[in-house]
Amino acid sequence: MPELPEVENYKRYIDQTCLKQKIIEMDCRDDRLLKQPKSDFEDVLINEEFTQTERIGKYLFVKTTSEKVLVLHFGMTGRPHYYSCEDNRPKYAHIQLSFDNGYHFGFENKRKFGWWNLTDSVDIFKKENNLSDDARELNFEDFKTSLSSRSTDIKKIIMDQSVCAGVGNWMADDILYQARIHPEHKVEDMSDTELKAVFDAMKNVIEVAIDKEAHYADFPDYFLIHNRKDGGVCHHSGCDIEKIKVGGRTTYFSPEWQKKPH
DNA sequence: CGTTATGTTTCACT
DNA sequence: CAGTGAAACATAAC
């Protein structure tokens, strides 16, 4: 599930449940989810506390009372869960921290594309991993700068985490639908007006989705997400929504509403 | 059985 | 070195 709005939800959930409690145990059922040896995590987590969180795109940084920052990525099928006893541990909570109040923090990850890492600081991690500013904070000038010298489909570009941190597959489709831009439009062929339309649509998708707590059913009717499926119909033109592959990812768009560039 | 899934990383090639 | 595209990764659900 997690793109920017979902991870923002997770951040708020963790802020409300997991801060300022002593961590007494860490359990991991599959070390492939850990980008450092398990003992490194234990060294900086056991007997320490979460103090605050910070989100950039789909990456969630958890600051602690130790000198290290925990980095969480949820992959395609991740979510956090906070529960009171071991019996309530979700089936796919492959990693679990236990607090001294008897509660647990479970990192659910059905498909195991998510992971944990450690870093010295958010800024260092951001630079080392070539992450852009969070898409919610990004300004239009920086957006345009990172597009210059790029030459591929606009959809691939806005899903590039070094361009717009936080945009994923469903958001990219909705952004381009709302901006009325064909997903295969090449960035180098796009005018400033078109780029601004994409940028503005991105901001709108983010703010609405966060406001609705990423609950798709509550999104306005003009969001593609309601018709982002086989058999879907364009809210504006009434035509059938088409499904294609762009950059290897399934892409839904309206051939009438998002005209192909000539 | 084959296909698909809301993501990132790696690698070969330009 | 920088940018691109395709493949790889692991697993469940339809």
Side-chain angles (χ1 to χ4, degrees), chain A residues 1-11 28-36 55-60 71-80 90-95 107-117 119 125-132 134-135 145-177 183-189 202 205-206 208-210 212-219 223-232 241 243-253:
Chain A
M1 301 199 154
E3 295 183 27
L4 188 156
E6 289 92 345
V7 178
E8 178 64 22
N9 267 1
Y10 299 166
K11 169 179 161 48
C28 180
R29 293 170 172 163
D30 190 336
D31 286 350
R32 288 175 299 184
L33 299 182
L34 304 178
K35 297 227 173 196
Q36 310 286 337
R55 184 190 56 71
I56 301 179
K58 308 166 196 173
Y59 296 75
L60 189 61
V71 189
L72 308 184
H73 196 288
F74 296 92
M76 282 175 105
T77 55
R79 54 156 292 175
K91 184 175 177 187
Y92 300 111
H94 300 303
I95 308 177
F107 183 79
E108 289 182 68
N109 223 259
K110 194 183 290 182
R111 224 172 126 191
K112 295 184 177 174
F113 276 180
W115 45 257
W116 284 23
N117 203 347
T119 187
F125 184 91
K126 188 180 175 209
K127 284 197 181 69
E128 282 179 350
N129 291 276
N130 203 17
L131 262 186
S132 81
D134 184 75
T145 302
S146 55
L147 291 181
S148 60
S149 80
R150 300 298 296 269
S151 67
T152 188
D153 305 330
I154 182 65
K155 172 164 176 176
K156 283 198 70 174
I157 293 295
I158 60 176
M159 286 181 68
D160 184 332
Q161 302 303 294
S162 70
V163 177
C164 303
V167 175
N169 204 24
W170 78 254
M171 284 181 71
D173 283 357
D174 230 307
I175 289 164
L176 296 173
Y177 179 68
E184 292 175 304
H185 203 140
K186 302 287 185 244
V187 273
E188 69 267 35
D189 296 334
M202 175 172 80
V205 169
I206 291 169
V208 170
I210 289 178
K212 302 298 183 189
E213 299 180 317
H215 194 257
Y216 308 150
D218 293 341
F219 292 0
F223 269 64
L224 175 65
I225 202 156
H226 304 298
N227 283 287
R228 193 180 176 279
K229 57 191 174 189
D230 294 343
I241 296 299
K243 180 166 76 170
I244 58 175
K245 289 275 185 192
V246 177
R249 305 299 300 277
T250 300
T251 298
Y252 292 88
F253 74 104

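In what follows, every chain begins at residue 1, and chains take the letters A, B, ... in the order their sequences are listed.
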Closest to the [X] side chain, choosing from [options]:
X: A:R111; options: C:dG5, B:dA5, B:dT6; answer: B:dA5
X: A:W115; options: C:dG5, B:dT6, B:dT9; answer: B:dT9
X: A:K245; options: B:dA5, C:dT4, B:dT6; answer: B:dA5
X: A:D30; options: C:dG3, B:dA5, C:dT11; answer: C:dT11
X: A:R228; options: C:dG3, B:dT6, B:dT8; answer: B:dT6
X: A:K112; options: B:dG7, C:dT4, C:dA10; answer: C:dA10
X: A:Q161; options: C:dA10, C:dA12, B:dT8; answer: B:dT8
X: A:M76; options: C:dT4, B:dG7, B:dT8; answer: B:dG7

Under 4.0 Å, heavy atoms only, any strand: does [X] hit a base, just the sugar-phosphate, or nothing?
X: A:Y92; value: sugar-phosphate
X: A:G248; value: nothing
X: A:R249; value: base
X: A:K58; value: sugar-phosphate

Per-residue pairing states of DNA chain C in dot-bracket (Watson-Crick or G-U under 3.5 Å; . unpaired, | other strand) read .||||||||.||||

Any donor-acceptor N or O pair under 3.5 Å, side chains A:Y216, A:W170
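Yes, A:W170 and A:Y216 have a side-chain donor paired with an acceptor closer than 3.5 Å.
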
Side-chain H-bond candidate by donor/acceptor type, A:K243 with A:T250, under 3.5 Å:
no

How long is the gap from NZ on A:K156 to CZ on A:R249, to the nearest 0.5 Å?
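The CZ atom of A:R249 is 11.0 Å from NZ of A:K156, to the nearest 0.5 Å.
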
OP1 or OP2 of [N] less than 4.0 angstrom from a side-chain nitrogen or oxygen of [X], does that happen here?
X: A:R32; N: C:dT11; result: yes
X: A:S149; N: C:dG3; result: yes
X: A:T77; N: B:dT6; result: no
X: A:K156; N: C:dT4; result: no
X: A:T250; N: B:dA5; result: yes
X: A:H73; N: B:dG7; result: no

Are the ring of A:F113 and the six-membered base ring of C:dC9 within the stacking cut-offs of under 5.5 Å and under 30°?
yes

Please work out whether the ring planes of A:W115 and A:F125 are parallel, tilted or perpendicular, with thresholds of 30° and 60°.
tilted

Atom [atom1] of [X] and atom [atom2] of [N]: how far apart are they, to the nearest Å?
X: A:K110; N: C:dA13; atom1: NZ; atom2: C1'; answer: 8 Å
X: A:I206; N: B:dT6; atom1: CD1; atom2: C1'; answer: 15 Å
X: A:E184; N: C:dG5; atom1: CD; atom2: P; answer: 11 Å

Work out which heavy atom in [X] is nearest to a heavy atom in [Y]; give both atom names and the distance.
X: A:N227; Y: A:I241; value: O-CG1, 3.7 Å
X: A:T77; Y: A:P2; value: N-CD, 4.3 Å
X: A:M171; Y: A:G166; value: SD-O, 3.7 Å

Can you tell me how far C1' in C:dT4 sits from the matching atom in B:dT6, rounded to whole Å?
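Nearest-Å result for C:dT4 against B:dT6 at atom C1': 23 Å.
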
If only atom types and distance count, is the side chain of A:D174 paired as donor or acceptor with the main-chain N or O of A:F223 below 3.5 Å?
no

